[in-house]
Amino acid sequence: MSPTWRPSAGLEMLKARAYLLGRIREFFAAAGVMEVETPIASRAAASDPALNSLRTRWSGAEAGPQTLYLQTSPELPMKRLLAAGSGPIFQICKVFRDGERGSLHHPEFSLLEWYRPGLGYRALMTEVAELVRHALDRPELAVRRISYRELFRTHLGLDPMHADVATLRQAADGLPGCRDLDLDRDGWLDLLLTHRIEPALARDRLTFVYDYPPSQATLARIRRDAEPVAERFELYLGGMELANGFQELTDPGEQRRRFDADLQARSARGLDRLPLDEAFLTALEAGMPEAAGVALGLDRLLMVATGSTHIDQTLAFPVERA
């Protein structure tokens, strides 16, 4: 093992990261999408009960020291820019999530996020594919699109929109430790997706999974068909989830209801009740344009580009050496 003062990533990896970032900026410059920066630290925190925010203290306030939360995503301030008339925008930034560590997870990681006013989420999938092909210099990459419902039917022979907990638990039988788990429907669906289905997806093509159950809408718009779905997609490549995109929710009342439901879920799990981003909700009330947006993990994309098997191989200094 090398001395802890030395970087985990070698010089060729550092060059590969620089090249990847250059290709991404080149793509957006040609597409007329403006690069922006938004604050990393905020007085508001992510309400999602599945995410834990890292915290810091600011002592320069007249009212005394305040808690600030490091962003888990730049999504909400970027949407405030959309509401202010920014037009199409992208950002390359650091985001932070407490409690995450593993071969594909790090508490600090690099994210590419972009928003396209006037574009639908299906059209955004096309642009995501173009971006990844350009960034990786792999124009030949094939694309597969499959709905969330069809994905489960194909790989597990069940309907994820209607299967009950007992059926989902049975489908997970044989996974290590699954018999000791007490999950809700979405918990079992997520377990089956990550442990049964994802390993079976082709590693050498872009796989877009779209139209998720409404209960997994997060910040996505719900399409009220006979079978309602969340207009959301995820991208898989090289055995990993790379991106998560939405047709963005623009209804301020519905957004507040979802945030309140998140806070109730946090309370039920014994988690802190965190401050909501009221500035974002006010921006929605002022009027955010219809838009599609997506977040893409850059460290994982670099893993694909370099054939790496652990995220630490792509980082100059992982948290243990920071």
Side-chain angles (χ1 to χ4, degrees), residues 46 48-52 72-73 95 97-107 109 111 125 128 132 144-220 229-230 232-246 262 265 269 294-304 308-314:
D48 188 336
L51 298 178
N52 293 310
T72 59
S73 162
V95 296
R97 298 181 183 181
D98 196 13
E100 297 197 1
R101 191 67 176 108
S103 62
L104 299 179
H105 296 87
H106 192 261
F109 59 99
L111 196 69
M125 282 189 265
V128 171
V132 171
R144 178 196 187 197
R145 296 190 186 195
I146 184 169
S147 73
Y148 185 93
R149 191 176 198 180
E150 190 59 31
L151 187 75
F152 273 78
R153 284 174 164 170
T154 299
H155 289 272
L156 298 178
L158 60 83
D159 186 344
M161 303 303 192
H162 299 289
D164 58 21
V165 167
T167 300
L168 298 175
R169 181 192 291 272
Q170 184 178 14
D173 190 46
L175 292 175
C178 73
R179 294 186 179 181
D180 299 323
L181 296 176
D182 183 19
L183 304 175
D184 60 14
R185 282 192 77 257
D186 283 323
W188 286 112
L189 287 171
D190 185 60
L191 182 70
L192 290 170
L193 178 61
T194 56
H195 289 74
R196 288 283 195 219
I197 298 176
E198 284 183 16
L201 297 178
R203 299 176 62 89
D204 59 350
R205 68 180 174 190
L206 298 162
T207 300
F208 288 93
V209 181
Y210 64 92
D211 286 356
Y212 279 62
S215 57
Q216 298 181 28
T218 59
L219 295 165
V229 294
R232 170 187 174 190
F233 67 84
E234 290 192 347
L235 168 64
Y236 295 87
L237 176 64
M240 294 179 285
E241 179 211 334
L242 289 186
N244 190 17
F246 309 119
D262 281 348
R269 298 183 189 185
V294 62
L296 188 152
L298 289 177
D299 305 305
R300 292 187 183 184
L301 186 62
L302 185 57
M303 288 176 68
V304 172
S308 302
T309 56
H310 198 292
I311 194 170
D312 287 12
Q313 296 170 276
T314 73

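Residue numbers count from 1 along this sequence.
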Looking only at heavy atoms, which two atoms of Ala172 and Trp188 are closest? And how far apart? CB-CZ3, 3.8 Å

Where at least one partner belongs to residues 191-210, residue pairs that pass salt bridge (Lys or Arg N to Asp or Glu O under 4.0 Å), sequence neighbours excluded: none

Please lay out, stage by stage, how Leu168 and Leu158 fare under the test side chain to side chain contact (heavy atoms under 4.5 Å, CB included). CA-CA 8 Å; Leu168 298 175; Leu158 60 83; 3.9 Å; yes

Which pair of heavy atoms, one from Leu181 and one from Leu191, lies closest together, and at what distance? CD1-CD2, 3.9 Å

Looking only at heavy atoms, which two atoms of Tyr236 and Leu201 are closest? And how far apart? CG-CD1, 3.7 Å

Apply salt bridge (Lys or Arg N to Asp or Glu O under 4.0 Å) to Arg101 and list each qualifying residue two or more places apart in sequence or on a separate chain. Asp312, Glu320

Nearest-0.5 Å distance, OG1 of residue Thr207 to CD1 of residue Ile197: 12.0 Å

I need the Leu192 CG to Leu175 CG distance, nearest 0.5 Å. 7.0 Å

Please name the pair of heavy atoms, one in Met125 and one in Phe208, separated by the smallest distance, quoted to 0.1 Å. O-CZ, 3.3 Å

Pairs satisfying ring-ring contact (aromatic ring centres under 6.0 Å, His included), at least one member in residues 150-173, at least two apart: Tyr148-Phe152

Phe246: partners by ring pair (Phe, Tyr, Trp, His ring centres under 6.0 Å), with sequence neighbours left out: none

Nearest heavy-atom neighbours spanning Leu237 and Val132: CD2-CG1, 4.2 Å

Could you give the distance from OG1 (Thr154) to CD1 (Ile146), rounded to the nearest 0.5 Å? 4.5 Å

Walk me through whether Val294 and Leu235 qualify under side chain to side chain contact (heavy atoms under 4.5 Å, CB included). CA-CA 10 Å; Val294 62; Leu235 168 64; over 6 Å; no

Which residues satisfy the side chain to side chain contact (heavy atoms under 4.5 Å, CB included) test with Leu104, sequence neighbours excluded? Met240, Arg300, Met303

Return the CG to OG1 distance between Asp299 and Thr314, rounded to the nearest 0.5 Å. 4.5 Å

With sequence neighbours excluded, tell me which residues meet side chain to side chain contact (heavy atoms under 4.5 Å, CB included) with Val229. Met161, Asp211, Arg223

Do Leu151 and Leu193 have side chains that approach each other closer than 4.5 Å (heavy atoms only, starting at C-beta)? yes

Results of salt bridge (Lys or Arg N to Asp or Glu O under 4.0 Å) for Arg149 - residues two or more places apart only: Asp159, Glu227

Pairwise side-chain contact, Phe109 with Arg97, heavy-atom cut-off 4.5 Å (strictly under): yes

Donor-acceptor pair, side chain of Gln313 and main chain of His310, under 3.5 angstrom: yes

Which side-chain hydrogen bond (donor to acceptor under 3.5 Å, both in side chains) pairs, counting each pair once, include a residue from residues 166-182, with sequence neighbours left out? Asp164-Thr167, Asp173-Arg179

With sequence neighbours left out, what residues match Asn52 under side chain to side chain contact (heavy atoms under 4.5 Å, CB included)? Asp98, Arg266

Tell me whether His195 at atom NE2 has more than 12 heavy atoms from other residues, nucleotides or ligands lying less than 6.0 Å away. no

Could you pull out all residues at least two apart from Glu234 that satisfy salt bridge (Lys or Arg N to Asp or Glu O under 4.0 Å)? Arg232

Asp262 meets the salt bridge (Lys or Arg N to Asp or Glu O under 4.0 Å) criterion, sequence neighbours left out, with none

List the residues meeting side chain to side chain contact (heavy atoms under 4.5 Å, CB included) with Ser215, not counting sequence neighbours, and say none if there are none. Asp186, Pro213

